[in-house]
Amino acid sequence: MALVVPFYMLLDRNGYKASYAFARKRLGKGAVAAFFYVYRNEYRMGQVVLDRFAAFAGKRFDLECSGVERFYELSGSGQGFLMLSSHTGCFELVGLQLPSPVPIHALVFPGETETVMKHRDRMFRQTNVSMIAAREDLSHLFQINNALADGQIVSMPGDRVFGAKRTVRSLFFGESAAFPVGPFSLALQRDVPVLFVMVMKEGRRRYHVYAEELKAAGQTRAERLQSLADAYAGMLERTVRRYPDQWFNFYDFWA
């Protein structure tokens with residue numbers, strides 16, 4: 001990875017600029033420190049990708065867990081719930097190493113490479129995880145609703161608005177940023193709990209799983225939706241500040 005990363009820094013100019021701007025504007029780093037941050041960011045991304053394929057091949061990692069008790073409480077309650085993820089760390093380890101007593105249905109969006117999809121599907125077939133492909137005709141919404149109605153878990157990212165027609169803005173790293181309305185609207189519509197789970201790399205073979213339930217507050221639907229988005233953005237920011245080199249959104253998140 002040490003030899004490969006410089007080529008990405010040179011060739012992927014958009015990714016380099018986004019990572020550099022994040023270090024300068026959001027983390028407050030100087031020009032030189034921001035340059036080295038980009039290197040660490042790309043290097044960590046490469047490590048996580050390799051870990052992901054190692055996990056698909058059957059390798060086990062050491063997991064330290066914080067808050068997963070709530071995951072198992074909800075899993076055994078008979079009520080379906082949403083499990084939100086983000087483009088940080090290695091979220092796939094949840095499905096591969098944390099056994100769930102009920103099926104988990106992971107929503108995946110267009111853009112995944114065929115190789116990643118093939119290996120992910122092959123490994124998840126050995127667990128209690130299946131994938132729901134997002135489609136332009138919105139037919140995936142029927143699968144999501146059926147899964148929640150059956151008391152199962154639906155997993156989806158909450159930090160990408162690509163293709164989302166509606167967004168909600170929340171304060172994130174000191175400035176308003178757009179998040180997709182879909183996950184929060186679905187939680188309110190179906191009246192199901194929302195659990196935000198992040199899996200962050202802490203060592204060569206060690207990851208830390210963080211799970212936190214997001215609570216809706218307010219009288220109106222708009223207020224409750226906003227409170228869920230704010231809670232999501234708040235946990236995401238706290239975790240990214242702790243693991244800044246594991247922020248893997250290589251574009252202008254605040255545009």
Side-chain angles (χ1 to χ4, degrees), residues 22 26-27 40-41 44-45 47-52 54-56 59-107 120 123-124 127-129 151-160 170-173 177 179 183-184 187 192-217 227-249 253:
F22 178 77
R26 310 303 165 188
L27 301 179
R40 291 193 304 273
N41 189 206
R44 186 66 80 187
M45 176 66 179
Q47 284 185 313
V48 168
V49 170
L50 291 176
D51 286 350
R52 184 180 300 159
F56 291 160
K59 179 179 176 62
R60 306 285 291 182
F61 291 87
D62 297 328
L63 298 184
E64 181 178 351
C65 299
S66 300
V68 296
E69 299 82 6
R70 185 56 176 156
F71 171 81
Y72 288 111
E73 288 175 6
L74 291 172
S75 299
S77 68
Q79 180 184 16
F81 68 93
L82 284 180
M83 183 167 62
L84 300 188
S85 63
S86 62
H87 289 78
T88 58
C90 189
F91 180 71
E92 282 85 352
L93 292 183
V94 171
L96 293 171
Q97 287 196 217
L98 287 183
S100 171
V102 296
I104 299 175
H105 304 270
L107 183 67
R120 179 188 284 163
M123 282 306 300
F124 280 164
T127 67
N128 214 7
V129 180
Q152 300 172 359
I153 304 168
V154 172
S155 170
M156 62 177 63
D159 62 341
R160 288 281 176 92
S170 290
L171 189 65
F172 185 59
F173 277 92
F179 294 85
F184 314 113
V192 295
V194 183
L195 198 66
F196 187 11
V197 180
M198 305 174 75
V199 186
M200 312 306 291
K201 187 174 179 66
E202 291 191 335
R204 192 163 70 92
R205 298 182 178 180
R206 187 176 72 256
Y207 278 82
H208 196 131
V209 181
Y210 296 92
E212 181 177 310
E213 187 172 3
L214 308 182
K215 297 285 190 178
S227 69
L228 283 177
D230 291 344
Y232 177 91
M235 181 183 174
L236 181 60
E237 179 173 341
R238 291 193 303 273
T239 308
V240 171
R241 286 192 182 277
R242 186 171 182 178
Y243 304 90
D245 57 351
Q246 296 186 54
W247 171 251
F248 301 142
N249 281 299
F253 197 83

Of all heavy-atom pairs linking S66 and H208, the shortest is OG-NE2, 2.6 Å
Taking side-chain hydrogen bond (donor to acceptor under 3.5 Å, both in side chains) as the test, write out the residues that go with R205, two or more places apart.
-> none
By side-chain hydrogen bond (donor to acceptor under 3.5 Å, both in side chains), R241 pairs with (sequence neighbours left out) E237
Those residues at least two apart in sequence (or on a different chain) that pass side-chain hydrogen bond (donor to acceptor under 3.5 Å, both in side chains) with D245 are R44
Residues at least two apart in sequence or cross-chain that pass side chain to side chain contact (heavy atoms under 4.5 Å, CB included) with R238, listed by chain then number, are E212, M235
With rounding to the nearest 0.5 Å, note down the distance linking CG in L98 to OH in Y72.
-> 4.5 Å
By ring pair (Phe, Tyr, Trp, His ring centres under 6.0 Å), H87 pairs with (sequence neighbours left out) none
Worked check of side chain to side chain contact (heavy atoms under 4.5 Å, CB included) between V199 and E92 = CA-CA 8 Å; V199 186; E92 282 85 352; over 6 Å; no
Please identify each residue that fulfils salt bridge (charged side-chain N to carboxylate O under 4.0 Å, His left out) with K215, with sequence neighbours left out.
-> E213
Can you check side chain to side chain contact (heavy atoms under 4.5 Å, CB included) on C90 and K201, steps first, answer last?
-> CA-CA 7 Å; C90 189; K201 187 174 179 66; over 6 Å; no
Over all atoms of both residues, closest heavy-atom pair of N41 and Q246 = ND2-N, 4.4 Å
Shortest non-hydrogen separation from F71 to P99 and the atoms involved | CE2-O, 4.4 Å
Reported CG-to-CG distance for the pair L82 and L214, which is rounded to 0.5 angstrom = 10.0 Å
Check against ring pair (Phe, Tyr, Trp, His ring centres under 6.0 Å), F22 and F253 = CA-CA 9 Å; F22 178 77; F253 197 83; 9.0 Å; no
Starting from the C-alpha separation in whole Å, work towards a yes-or-no answer on side chain to side chain contact (heavy atoms under 4.5 Å, CB included) for H105 and I153.
-> CA-CA 6 Å; H105 304 270; I153 304 168; over 6 Å; no
Does the pair V94 and M83 meet the rule for a side chain to side chain contact (heavy atoms under 4.5 Å, CB included), with working shown?
-> CA-CA 11 Å; V94 171; M83 183 167 62; 4.1 Å; yes
Non-hydrogen atoms of A216 and L228 that approach each other most closely = N-CD2, 3.7 Å
L50: partners by side chain to side chain contact (heavy atoms under 4.5 Å, CB included), with sequence neighbours left out | M1
Return the set of residues passing side-chain hydrogen bond (donor to acceptor under 3.5 Å, both in side chains) with D62 (not counting sequence neighbours), or none when no residue passes.
-> none
Check side chain to side chain contact (heavy atoms under 4.5 Å, CB included) between A233 and all other residues, then give those that pass, not counting sequence neighbours.
-> S170, F172, F179
Among residues two or more places apart or on two chains, list those pairs meeting side-chain hydrogen bond (donor to acceptor under 3.5 Å, both in side chains) that have a residue in residues 73-82.
-> R70-E73
Closest contact, heavy atoms only, I104 versus S155 | CG2-CB, 4.2 Å
Over all heavy atoms of both residues, which pair between Y232 and L84 is shortest? Give the atoms and the distance, please.
-> CD1-CD1, 3.8 Å
OH/Y210 to SG/C65 distance, rounded to the nearest 0.5 angstrom?
-> 10.5 Å
Quick one: list whatever passes side chain to side chain contact (heavy atoms under 4.5 Å, CB included) with T88, sequence neighbours left out.
-> S86, M198, M200, L236, V240, W247
Return the set of residues passing ring pair (Phe, Tyr, Trp, His ring centres under 6.0 Å) with F61 (not counting sequence neighbours), or none when no residue passes.
-> Y207
Spacing of L63 atom CG and E202 atom CD [to the nearest 0.5 Å] | 10.5 Å
